[in-house]
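FYI, side chains are in, hydrogens and waters are out, and symmetry mates aren't considered; it's all heavy atoms of this structure. Read the numbers this way: they start at 1 and go in the same order the structure lists the ligands and their atoms.
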Amino acid sequence: MADSFLFSGISLDRKRFAKDISRFKGKKDTVENPIFLDNVNVETKDGEQLDVARGNKKRKRKLNEHDVKSFSVFKRCNRKPKNEEDDHQESEISQGKKEYFRQLERDALSRKKHNIHVSGSNIPSPLESFVELKSRYKCKSYLLRNLAELGFRELTPIQMQAIPILLSGRECFACAPTGSGKTFAFLCPILMRLKHASKDGIRAVILCPTRELAAQTARECKKLAKRNKFYIKLMTKQLVKSADFSKLQCDILISTPYRVRAAVRKKKLNLSRVEFLVLDESDKLFELGLVKQVDSVVKACSNPSIVRSLFSATLPDTVEELARTIMHDAIRVIIGRKNSASECIKQKLVFVGSEEGKLLALRQCFAESLNPPVLVFVQNKERAKQLHDELKFDDIRVDVIHSDLNEIQRENAVDNFRAGKTWVLIATDVIARGMDFKGINCVINYDFPDSSAAYIHRIGRSGRAGRSGEAITLYTEADTRYLRNVANVMTASGCEVPSWIMSLPKLKWKKHRPHRHAISTKLKDEEE
Ligand SMILES: Nc1ncnc2c1ncn2[C@@H]1O[C@H](COP(=O)(O)OP(=O)(O)OP(=O)(O)O)[C@@H](O)[C@H]1O
């Protein structure tokens, strides 16, 4: 559906290829590109070959139909008699080949150790440490200092692989568990490649599905960019209204697709110099309702050498197929198993019979052990308001967040929860993705999630950055049909599930949003 217009009009071949060629030329002896040392041959349209690795501009002979293309670099027709120089060259080639295969072996071992699965061509070696970020890619000391201050000591697997990919100017789509550090995996290469502030216009755009996530990413980006005067802007409603974009100084723009599109349309925001485009929570951005906005932003980013990347904890096959057709020579990176929950979360299913049983179960759960901060997810904003009305007179500090609140109210709800002033935050799926609340002890799915992706993202608000967390999912008779799908996610991340659930039939899960009775004890009391 979306592929008819998404990313259309982007030409990615020869021009971009020329850039690759020049990059290979400049990196003859670097460790990360052993593959390019000797045997990179590129076939042109008319069947001739360019020897790009050695910077040899001269055209070689036309390919003979009997040649095995990938090995043709080792063949020579009309050979001159061998001399010393030839011997020397040949030994260099074989040394290069040996080193190349040794490097491939090291890469494979490292990927196996960290559960990194990749596919694509000429994939840069994974990084082992922050030190290597400096030695291999000349990472500036301000960034390393900021990382040390943030307490980042070791790279996470997604960072090990995605950072060198993006630094090498390659496009990628990446799927890694919630809370595994995907944000830094795309912010780091952007900051490194942009080097310093400039007045050349916007050079990086990061799209997030919600303004809360955009605000969080902007804040993280500013923390990482400290000591370097980048212009990092969050696109707010106010900014769209008031700014003169022709004078706006901005290196990195972070926004929802809706706001950037509005700025492009109303205010002629110029995105033609964007070098990096990140679609965070990409599967959400590709959903109906957002995909058209994303598409117009992608089109506005018309720089032919742009590097685009997709990140999410869930990557449905449909999105992956779409990504494959539209991205240029993209590398696929999956950490662990695709579409699985973080293994740091203890997951539990609790049967509550009917809707009425839920409130009882929740109060009982809080009475037995309320270990804040706790996040409670419900199906929609009406139910969020109803549950908040029920709990606000209980002896707990409870707040609510949903899309009927204005920007400031939503911001306050998030800030108070972060600061520990709110113990229990009732939420719709508006904060189910990407939000990084440190140390959430428990996520309660008061209403059963509407898809397994929603389940993975919701419970992923706890158990982040290696910490442990807990997730409790309440279910009623009406939800039973969908239990198996959640149970599959649970078993894949090592949690136990009763065998009767695993023997339920597998369902193709369309959005499960049943009509649910209002959350209220008041009506009943009044009736009695
Ligand atoms: N290398 C690291 N060392 C220590 N902490 C890290 C590292 N990288 C990221 N973090 C921290 O881990 C937490 C989760 O990171 P982040 O929000 O990027 O996760 P994510 O993979 O994007 O999750 P989600 O899928 O929910 O969006 C953050 O608090 C971040 O500061």
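- A salt bridge does not link K237 with E407: none of the charged nitrogens is closer than 4.0 Å to a carboxylate oxygen.
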Show me the donor-acceptor pairs, under 3.5 Å and distance only, between side chains in residues 413-421 and residues at least two apart or in other chains.
unit_1	atom_1	unit_2	atom_2	d
N416	ND2	N412	O	3.3
R418	NH2	Q216	OE1	2.7
R418	NH2	D436	O	3.2

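- With contacts defined as side-chain heavy-atom distances shorter than 4.5 Å, the pair H388/V398 qualifies.
- Looking at every heavy atom in both residues, I331 comes nearest to R170 through CG1-NH2, 3.5 Å.
- Among residues two or more places apart in sequence or in another chain, the side-chain contact (heavy atoms from CB on, under 4.5 Å) test is passed with E321 by D317.
- Partners of K284 under the salt bridge (charged side-chain N to carboxylate O under 4.0 Å, His left out) rule, at least two apart in sequence or in another chain, are E287.
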Quick one: ligand 1 N/O to protein N/O pairs below 3.5 Å?
unit_1	atom_1	unit_2	atom_2	d
ligand 1	1 (N)	E154	O	2.8
ligand 1	1 (N)	Q159	OE1	3.1
ligand 1	8 (N)	Q159	NE2	2.8
ligand 1	17 (O)	R464	NH2	3.0
ligand 1	18 (O)	K182	N	3.4
ligand 1	18 (O)	T183	N	3.0
ligand 1	18 (O)	T183	OG1	2.6
ligand 1	19 (O)	G181	N	3.3
ligand 1	19 (O)	R464	NH2	3.3
ligand 1	21 (O)	S180	N	3.0
ligand 1	21 (O)	G181	N	3.2
ligand 1	21 (O)	K182	N	3.1
ligand 1	21 (O)	K182	NZ	2.8
ligand 1	22 (O)	T183	OG1	3.4
ligand 1	23 (O)	G179	N	2.8
ligand 1	23 (O)	R464	NH2	3.1
ligand 1	25 (O)	K182	NZ	2.7
ligand 1	26 (O)	R461	NH1	2.9
ligand 1	26 (O)	R461	NH2	2.9
ligand 1	26 (O)	R464	NH1	2.8
ligand 1	26 (O)	R464	NH2	3.2
ligand 1	27 (O)	E281	OE2	3.2
ligand 1	29 (O)	D436	OD2	2.5
ligand 1	29 (O)	K438	NZ	3.3

